[in-house]
2 protein chains.
Amino acid sequence: MPSTPRRSTKQRSIVLEIVARAKTHPTAEEVFTIARKKLPEISLATVYRNLHLLAEEGKIREVQFEGSTLRYDGMTMEHEHFCCRSCGVVEDLPVSLPAATVASIQSQLGAIIERYSLDYYGVCQRCKESAA
Amino acid sequence: MPSTPRRSTKQRSIVLEIVARAKTHPTAEEVFTIARKKLPEISLATVYRNLHLLAEEGKIREVQFEGSTLRYDGMTMEHEHFCCRSCGVVEDLPVSLPAATVASIQSQLGAIIERYSLDYYGVCQRCKESAA
DNA sequence: TTATTATTAGTAATTATTCCTATTAACTAA
DNA sequence: TTAGTTAATAGGAATAATTACTAATAATAA
């Protein structure tokens with residue numbers, strides 16, 4: 001089955017660029033606000049559509065933290081996250097589970113594990129210190 | 001700071017019972033539907049309110065899988081999840097990360113890690129076999 | 001009992017996201 | 001280039017999930 005041909009549009013490349021450059025993990029609404037500065041006529045629906053498409057293509061990642069709406073992450077390599085419940089900051093952790101851990105669960109279940117999401121929650125260093 | 005006194009109501013105990021007994025990880029809407037069978041006048045807002053309260057008290061857990069709405073889990077001990085992208089089933093995995101893994105990330109960050117959420121995604125045994 | 005007020009039912013309002021449609025613009029082949 | 005095809009867009013309507021509001025109810029304390 002041939003995949004639908006995909007056109008390259010200003011809107012799509014701006015959405016990708018915003019997420020790729022973002023140090024935070026922006027929501028669709030935040031991407032939209034930034035995008036409007038570069039392309040004032042871009043519509044919210046277009047931002048949503050392109051975020052989904054780009055995620056499907058693996059060029060960005062969707063991340064869902066507890067108590068939050070869907071966010072987007074420009075870091076595509078495997079990694080984990082830490083979320084501070086006090087200030088809300090999200091930090092990328094450039095680590096991943098040992099392959100053996102994943103393989104062990106996979107064989108226990110008899111399933112195929114394609115990916116996983118690991119998020120740590122707590123209080124970041126900055127908030128910890130300012131509370132002391 | 002004294003916590004608000006909490007009354008015990010039929011509604012609250014039914015919501016807790018439903019989540020605790022559920023083998024699936026029901027959404028608020030699903031809990032509501034089941035609750036109506038036992039208490040036909042219970043309202044959806046009451047279900048939502050009590051799910052939050054019970055989660056806050058640690059009697060149930062909120063879980064959020066990708067592409068899904070918020071769900072509730074009656075298993076309160078530490079555990080992980082596997083979600084099948086084909087049939088949607090969610091399996092509880094009675095395992096947890098080694099304390100050393102968590103401690104290492106905690107010290108790398110200088111943060112306090114209070115909890116984490118680890119969800120595996122893939123294809124369950126049943127779906128894998130029926131596809132073969 | 002009676003008084004107090006946490007909790008509720010029912011519904012309105014809000015938030016996040018998706019759907020719809022006429023129009024625009026990216027690509028293709030002549 | 002230019003014309004034809006159709007993917008993609010803007011803008012707004014519609015939907016889904018959740019929260020807010022309020023008068024009435026019922027759990028607890030005195």
Side-chain angles (χ1 to χ4, degrees), chain A residues 1-19 24-57 59-73 88 90, chain B residues 1-19 24-57 59-73 88 90:
Chain A
M1 58 192 81
S3 67
T4 329
R6 190 142 295 167
R7 293 177 182 177
S8 127
T9 66
K10 288 196 293 299
Q11 291 85 346
R12 184 123 69 228
S13 62
I14 282 175
V15 168
L16 173 56
E17 190 187 314
I18 289 169
V19 177
T24 63
H25 297 70
T27 63
E29 198 68 49
E30 287 164 355
V31 172
F32 175 61
T33 301
I34 299 169
R36 278 253 147 151
K37 293 177 186 164
K38 300 194 168 192
L39 200 61
E41 72 276 20
I42 196 172
S43 85
L44 182 56
T46 295
V47 170
Y48 271 101
R49 187 166 5 83
N50 282 309
L51 287 170
H52 286 143
L53 283 174
L54 292 165
E56 212 169 80
E57 292 174 357
K59 293 182 180 162
I60 63 177
R61 282 178 41 174
E62 295 189 325
V63 289
Q64 177 121 55
F65 304 119
E66 291 175 21
S68 161
T69 182
L70 203 57
R71 293 177 169 275
Y72 292 87
D73 189 337
V90 176
Chain B
M1 59 193 78
S3 68
T4 329
R6 191 141 294 169
R7 294 177 180 175
S8 126
T9 67
K10 290 196 292 300
Q11 290 86 345
R12 186 123 67 226
S13 62
I14 282 176
V15 168
L16 173 56
E17 191 187 314
I18 289 168
V19 177
T24 63
H25 298 70
T27 62
E29 198 68 48
E30 287 164 356
V31 172
F32 175 62
T33 301
I34 299 169
R36 278 253 147 152
K37 293 177 186 164
K38 300 194 168 192
L39 199 61
E41 73 277 19
I42 196 172
S43 86
L44 182 56
T46 296
V47 170
Y48 271 102
R49 186 166 4 82
N50 282 308
L51 287 170
H52 285 143
L53 283 173
L54 291 165
E56 215 170 77
E57 292 173 359
K59 293 182 180 163
I60 64 176
R61 282 177 42 174
E62 295 188 327
V63 288
Q64 177 123 52
F65 303 118
E66 290 174 21
S68 162
T69 183
L70 203 55
R71 293 177 170 275
Y72 291 88
D73 189 338
V90 176

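- Rounded to whole angstrom, the span from the CD atom of B/Glu41 across to the P atom of C/dT11 amounts to 14 Å.
- Within the 4.0 Å cut-off from OP1 or OP2 of C/dT7, not a single side-chain nitrogen or oxygen of B/Asn50 is found.
- The CD1 atom of B/Ile18 sits 11.0 Å away from atom CD of B/Glu30, with the distance rounded to the nearest 0.5 Å.
- Here the straight-line distance linking atom CD1 of A/Ile42 with atom OG1 of A/Thr33 works out to 11.0 Å at 0.5 Å rounding.
- Within the 4.5 Å cutoff, no side-chain heavy atoms of B/Val15 are placed close to those of B/Arg12.
- When side chains are defined from C-beta on, A/Val47 does not count as touching A/Gln11, because their heavy atoms never get closer than 4.5 Å.
- The residue B/Arg36 sits close only to the backbone: its heavy atoms come under 4.0 Å of sugar-phosphate atoms, none of a base.
- A donor-acceptor pair shorter than 3.5 Å can be found between the side chains of A/Thr46 and A/Arg49.
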Nucleic acid footprint by protein, nucleotides 14-20 of chain C - heavy-atom cut-off 4.0 Å, B for base, S for sugar-phosphate alone: --SBBB-
Protein proximity profile, nucleotides 23-30 of chain D - base contact B, sugar-phosphate-only contact S, no contact -, cut-off 4.0 Å on heavy atoms: ---BBS--
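- Following rounding to the nearest Å, B/Tyr72 (OH) and D/dT18 (P) show an atom-to-atom distance of 7 Å.
- The terminal axes of the helix from C/dT1-D/dA30 to C/dA30-D/dT1, fitted over 5 pairs per end, subtend an angle of 40° to the nearest 10°.
- Rounding to the nearest 0.5 angstrom, the gap separating the CD atom in B/Gln64 from the OG1 atom in B/Thr69 is 7.0 Å.
- From A/Leu54, atom CG reaches atom CG of A/Leu16 across 5.5 Å, with rounding to the nearest 0.5 Å.
- Residue A/Val19 comes nearest to A/Val31 through the heavy atom pair CG2-CG2, 4.0 Å, listed as atom of the first residue, atom of the second, then distance.
- In this structure, CD of A/Glu66 is placed 17 Å from C1' of D/dT18, rounded to the nearest angstrom.
- In this model, the phosphate group of C/dA9 is approached by a side-chain N or O of B/Thr46 to a distance below 4.0 Å at OP1 or OP2.
- Separating the CZ atom of B/Phe32 from the C1' atom of D/dA16 is a distance of 15 Å, rounded to the nearest angstrom.
- Put simply, CG on A/Leu70 and CZ on A/Phe65 are 10.0 Å apart, with the number rounded to the nearest 0.5 Å.
- Minimum heavy-atom separation, B/Ser43 to B/Phe32: C-CE1, 3.6 Å.
- Atom CG of A/Leu39 and atom P of D/dA10 are 7 Å apart (whole Å).
- In this structure, OH on B/Tyr72 lies 4.0 Å from CD on B/Glu62, to the nearest 0.5 angstrom.
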